[in-house]
Colleague: 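My structure is below; once you've seen it, I'll send some questions.
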Amino acid sequence: MSAVILDGKALAASIREDLSQKVQTLIEETGVKPTLAVIVAGDDPASAVYVRNKERACIGAGMGSIVDRLPQDVTQEELEALVRRYNEDDSIHGILVQLPLPKHLDESRVLELIDPKKDVDGFHAVNMGALLSGMEGFVPCTPKGVMRLIESAGIDLSGKNAVIVGRSNIVGKPAALLLLQKNATVTVCHSKTEDLSSFTKNADVLVAAVGRPNMITGDMVKPGAVVIDVGINRTESGLVGDVDFASASEVAGYITPVPGGVGPMTIAMLLENTYIGAKNSCAKA
Ligand code: GUN
C-alpha cells in the first residue's frame with residue numbers, strides 16, 4: 001500500500017473533544033444546552049445503528065439528546081405533528097428525521113416542515129439554496145465531513161479535477177457545491193454516466209458515494225489521487241465501502257478507510273451543526 005490513510009476516526013474524536021469544551025462554555029455562559037431531537041420511523045436495522053451512534057455522540061459531547069422511535073405504520077400526520085412540536089420547542093436546537101422513511105410517508109413534505117434554523121441535516125430547500133448561492137446555512141453533515149478530512153491533510157483543491165460518483169441530495173450534490181467553492185473543477189458522475197473510468201482516471205480528488213460495494217477499483221484511480229469513500233455497504237464479508245480498498249490504496253496518494261473514514265466525520269459534523277443551532281438561538285434571543 002502506498003496511500004496515506006485519512007483517519008476520520010481520529011479527526012472526528014478531536015473535533016468532538018473540542019466541541020465538548022465549547023458546549024461546556026455555552027452552558028456556563030448562557031444556560032443553553034445544545035440539544036438534538038432525532039426522529040426515526042420503522043425498523044430499518046442500519047438506521048437503528050446510526051441513530052444509536054448519534055445519540056451516544058451527543059451525550060458524550062455534553063449535549064442533550066432526544067430520540068423518538070416511531071412504529072413502521074406511523075401516519076404522515078403523526079410524524080408532522082412531532083416535527084411541529086420540536087419546531088416550537090426552544091429547548092431543541094436540531095431536528096433530524098432519519099432517512100429512509102417507510103415507503104408510505106412523503107419524505108420531502110416532512111423535511112420541508114423542519115424549521116430551517118433547526119435543520120442540522122441541511123436538507124431543507126432553504127439550506128440547500130443557501131449552499132448553492134454561497135450564503136450561510138446548515139451544510140449537510142457527510143459532505144461537510146468530507147471537506148474537513150481533505151482540509152486536514154493540507155490538500156489544496158484549487159484548479160484540481162474533482163470527480164464525484166453519485167448525485168444524491170445527501171452527498172453527491174452538496175459535495176459538488178463545496179468542492180466548487182474551493183475552486184476545484186467538478187464533475188458529477190452517476191448511474192447513467194457512460195465510460196465512468198474515463199472520468200475517474202482523471203480525478204485528482206475522487207469521491208465515491210453510490211452505495212455499491214467495491215465498485216471503484218485501483219485501475220479506475222489516477223496515481224496519487226485523493227480517494228474519499230462515502231459508501232457503507234453491509235455485505236457477507238462485513239462492512240465495505242464503494243471503493244475496493246486493497247487495489248485503490250496501491251495507486252492513490254490519500255485514501256479513507258471504511259469503517260473509520262467518512263462515517264465518524266458525519267457524526268462529528270452533526271454535533272457541530274447542533275452546537276451552531278444552539279449558538280444561533282442565543283444570538284437571536
Ligand atoms: N440516512 C443516511 N444518512 C443520513 C443523514 O445524513 N441524515 C439523515 N437524516 N438520514 C440519513
Side-chain angles (χ1 to χ4, degrees), residues 8 12 15 35-58 65-70 72 74 79-80 82-83 86-87 92-103 105-116 118-128 131 137-149 164 166-178 207-213 228-234 239 241-242 256 258-259 261-274 276-277:
I15 292 170
T35 299
L36 174 68
V38 174
I39 302 171
V40 56
D43 40 25
D44 182 73
S47 289
V49 174
Y50 295 144
V51 167
R52 210 175 316 124
N53 288 340
K54 289 168 184 177
E55 186 178 21
R56 283 199 196 127
C58 274
S65 168
I66 294 175
V67 178
D68 287 285
R69 293 182 172 84
L70 306 177
Q72 179 78 22
V74 64
L79 182 55
E80 290 185 8
L82 194 55
V83 171
Y86 288 136
N87 278 346
I92 301 294
H93 310 100
I95 303 171
L96 182 148
V97 176
Q98 185 65 29
L99 304 177
L101 286 171
K103 294 256 177 300
L105 297 169
D106 185 336
E107 206 161 273
S108 76
R109 251 181 60 194
V110 177
L111 296 180
E112 289 308 306
L113 194 63
I114 297 172
D115 182 342
K118 299 187 180 188
D119 170 38
V120 286
D121 256 333
F123 295 166
H124 192 288
V126 163
N127 285 312
M128 297 245 226
L131 180 59
F138 283 117
V139 175
C141 303
T142 299
K144 188 177 182 181
V146 166
M147 298 305 289
R148 231 24 110 68
L149 261 175
I164 299 157
R167 55 173 154 180
S168 68
N169 287 342
I170 297 184
V171 184
K173 287 184 208 168
L177 295 168
L178 292 168
V207 179
V210 268
R212 279 179 53 193
I228 308 288
D229 190 351
V230 180
I232 301 178
N233 306 292
R234 278 152 234 273
L239 215 59
D242 292 349
T256 62
V258 175
V262 175
M265 291 301 294
T266 296
I267 296 195
M269 294 301 100
L270 175 63
L271 299 183
E272 186 173 285
N273 280 354
T274 304
I276 292 169

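Just follow the structure's listing: the first ligand is 1, and inside any ligand the first atom is 1. When a residue number appears, it is its place in the shown sequence, counting from 1.
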Colleague: Can any side-chain N or O of Asp242 pair as donor or acceptor with the backbone N or O of Asp229 at less than 3.5 Å?
Modeller: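 No, the answer is negative, given that no donor and acceptor are paired below the 3.5 Å cut-off.
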Colleague: Check the pair Leu105, Val74 against side chain to side chain contact (heavy atoms under 4.5 Å, CB included), reporting the backbone distance first and the verdict last.
Modeller: CA-CA 9 Å; Leu105 297 169; Val74 64; 4.0 Å; yes
Colleague: Quick one: are Leu131 and Pro140 in side-chain contact, heavy atoms under 4.5 Å?
Modeller: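 Of all side-chain heavy-atom pairs linking Pro140 with Leu131, at least one is under 4.5 Å.
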Colleague: Glu112: what forms a salt bridge (Lys or Arg N to Asp or Glu O under 4.0 Å) with it, not counting sequence neighbours?
Modeller: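 Salt bridge (Lys or Arg N to Asp or Glu O under 4.0 Å) list for Glu112, sorted by chain: empty.
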Colleague: Considering only heavy atoms, which protein residues lie less than 4.0 Å from any atom of ligand 1?
Modeller: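 Shell around ligand 1 (4.0 Å, heavy atoms): Leu96, Val97, Gln98, Leu99, Asp121, Phe123.
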Colleague: Spell out, as yes or no, whether a donor-acceptor pair under 3.5 Å connects the side chain of Asn273 to the backbone of Phe138.
Modeller: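 A pair under 3.5 Å: no.
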Colleague: Evaluate the criterion side chain to side chain contact (heavy atoms under 4.5 Å, CB included) for residue pair Phe123 and Val97; output intermediate values, then yes/no.
Modeller: CA-CA 10 Å; Phe123 295 166; Val97 176; over 6 Å; no
